[in-house]
Amino acid sequence: MTSAVSGNSDSVPFAGDSRWWAAGAQVASVARFEQVIDALRIVQDRVAGANPPESELVEVAEKLDEVSRALAVFQVPETKQVVGHLDVPGRGQSLVPAFHVDRADGNSVRGRVSFSRFYLGGGGAAHGGAIPLVFDEVLGRLANVGGRIRSRTAYLHVNYRAITPLDEELTLEARFDSEEGRKRFLSAELRKGDVVLADAEGLFVALREGQP
Ligand SMILES: CCCCCCCC(=O)SCCNC(=O)CCNC(=O)[C@H](O)C(C)(C)COP(=O)(O)OP(=O)(O)OC[C@H]1O[C@@H](n2cnc3c(N)ncnc32)[C@H](O)[C@@H]1OP(=O)(O)O
């Protein structure tokens, strides 16, 4: 039996993205797919942090090849893709650290995020590219809630205020600041306790009919 991946209205902030990319994708089991993504995230972290002997590397490479061969025959077009559409923290993809929503309405959202070993830049700090990933994910979703026409990021300005540590629960708060015609202005802060680690300001432009 398959179940619909999407199906929640995007008027409910951060509960489903049915209208964002493509509706109608089916998945054999949401729970099983989530399990696969969780395992993949752990593999990413373990690979990033490992320095094993060569014999172990040969074995690991073979196992990873086996996994990719198993999935090769099940590749589907974007409209049927599951990753990015699951109604779970992180939307079932492993690119962006999963954002866990604590509170949300049509104009703001507050939640938690943690950067694991995979997102290390150097010197114990999260990579400077990983932080905008999270801001784009959260602001991009908030820009489109409330039944609004789909928009895309036109710019995203990020200020790095302090080192973002790995493996710590951080809070992220974002808000929809204003709207001028097709332009939507949003902002956000990433904090550890009361300390602002980074803040962002983005412009999201509502797409015209036929714009990809
Ligand atoms: C569930 C998913 C969650 C994750 C969501 C993530 C969201 C994303 O990352 S989307 C992917 C990244 N973004 C993109 O690929 C967008 C690529 N760019 C584009 O497609 C286009 O440039 C687009 C749509 C942003 C704007 O193009 P277009 O529709 O032609 O707008 P255009 O008519 O030029 O501009 C509209 C207004 O916006 C302003 N504007 C557009 N771009 C910018 C910019 N970079 N800076 C300042 N102003 C801008 C224009 O000046 C204009 O203002 P005004 O109306 O006052 O004259």
Side-chain angles (χ1 to χ4, degrees), residues 4-27 30 33-34 37 40-41 76-115 119 126-159 170 172-190 198-212:
V5 174
S6 50
N8 290 293
S9 164
D10 59 3
S11 62
V12 181
F14 299 93
D17 293 294
S18 56
R19 299 187 207 157
W20 175 238
W21 294 118
Q26 300 279 313
V27 61
V30 170
F33 211 104
E34 192 181 9
I37 298 301
L40 176 60
R41 284 181 182 278
V76 293
E78 184 181 338
T79 50
K80 301 216 179 313
Q81 179 176 314
V82 175
V83 161
H85 302 280
L86 286 186
D87 191 8
V88 299
R91 296 187 292 121
Q93 44 98 314
S94 61
L95 173 69
V96 188
F99 178 63
H100 299 263
V101 176
D102 289 325
R103 178 171 57 70
D105 58 37
N107 289 309
S108 67
V109 63
R110 185 189 159 92
R112 288 159 291 123
V113 66
S114 173
F115 294 85
Y119 301 100
H127 195 288
I131 294 160
L133 274 178
V134 180
F135 280 133
D136 193 44
E137 167 80 13
V138 176
L139 293 180
R141 295 178 70 180
L142 185 59
N144 293 322
V145 298
R148 292 183 178 94
I149 293 168
R150 195 157 65 90
S151 67
R152 279 196 189 277
T153 321
Y155 68 66
L156 182 67
H157 183 114
V158 176
N159 296 306
L170 311 173
L172 196 154
E173 207 161 353
R175 68 205 64 79
F176 198 118
D177 292 320
S178 63
E179 198 163 7
E180 292 167 24
R182 294 168 56 217
K183 296 191 290 186
R184 300 167 190 171
F185 298 90
L186 290 91
S187 59
E189 298 85 35
L190 177 70
D199 54 58
E201 184 219 320
L203 168 63
F204 295 78
V205 176
L207 299 180
R208 291 185 302 247
E209 187 85 25
Q211 248 178 326

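Bear in mind that the values here come from a model prediction, so they are computed numbers and not experimental data. Atoms within each ligand, like the ligands themselves, are counted from 1 in listed order.
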Run the numbers for me: atoms of ligand 1, each under 4.0 Å from some heavy atom of [X], listed by number.
X    : answer
R182 : 28 (P), 29 (O), 31 (O), 33 (O), 36 (C)
Q211 : 24 (C), 27 (O), 28 (P), 29 (O), 30 (O)
L207 : 24 (C)

Straight-line distance of [X] [atom1] to [Y] [atom2], nearest 0.5 Å:
X    : Y    : atom1 : atom2 : answer
D177 : E201 : CG    : CD    : 8.0 Å
F185 : E179 : CZ    : CD    : 10.0 Å
H100 : D102 : NE2   : CG    : 9.5 Å
R91  : F99  : CZ    : CZ    : 12.5 Å

Just distances here: any N/O of [X] and N/O of ligand 1 closer than 3.5 Å?
X    : value
T153 : yes
Y155 : no
A206 : no
R152 : no

request  = Can you figure out which of R150, Q93, K183, E137 has its heavy atom closest to atom 4 (C) of ligand 1?
outcome  = E137
remark   = A student comparing L133, N144, L203 should find that the heavy atom closest to atom 48 (N) of ligand 1 comes from L203
query = Within a reach of under 6.0 Å around CD1 of I149, are more than 12 heavy atoms found that belong to other residues, nucleotides or ligands?
reply = no
query = Hey, does the Lys NZ or Arg CZ of R148 hover above the aromatic six-ring of F176, less than 6.0 Å from the centre and inside 45° of the axis?
reply = yes
ask   = How does V205 reach ligand 1, by side chain, by backbone, by both or by neither, if only non-hydrogen atoms under 4.0 Å count?
value = side chain
inquiry  = Checking contacts here: is it the side chain or the backbone of E180 that comes within 4.0 Å of ligand 1, counting heavy atoms only? Could be both or neither.
reply    = neither
key: Nearest heavy atoms of A143 and S151, plus distance in Å   = CB-OG, 3.7 Å
inquiry  = If you define the side chain from C-beta out and look only at heavy atoms, does anything of R175 sit under 4.5 Å from E189?
reply    = yes
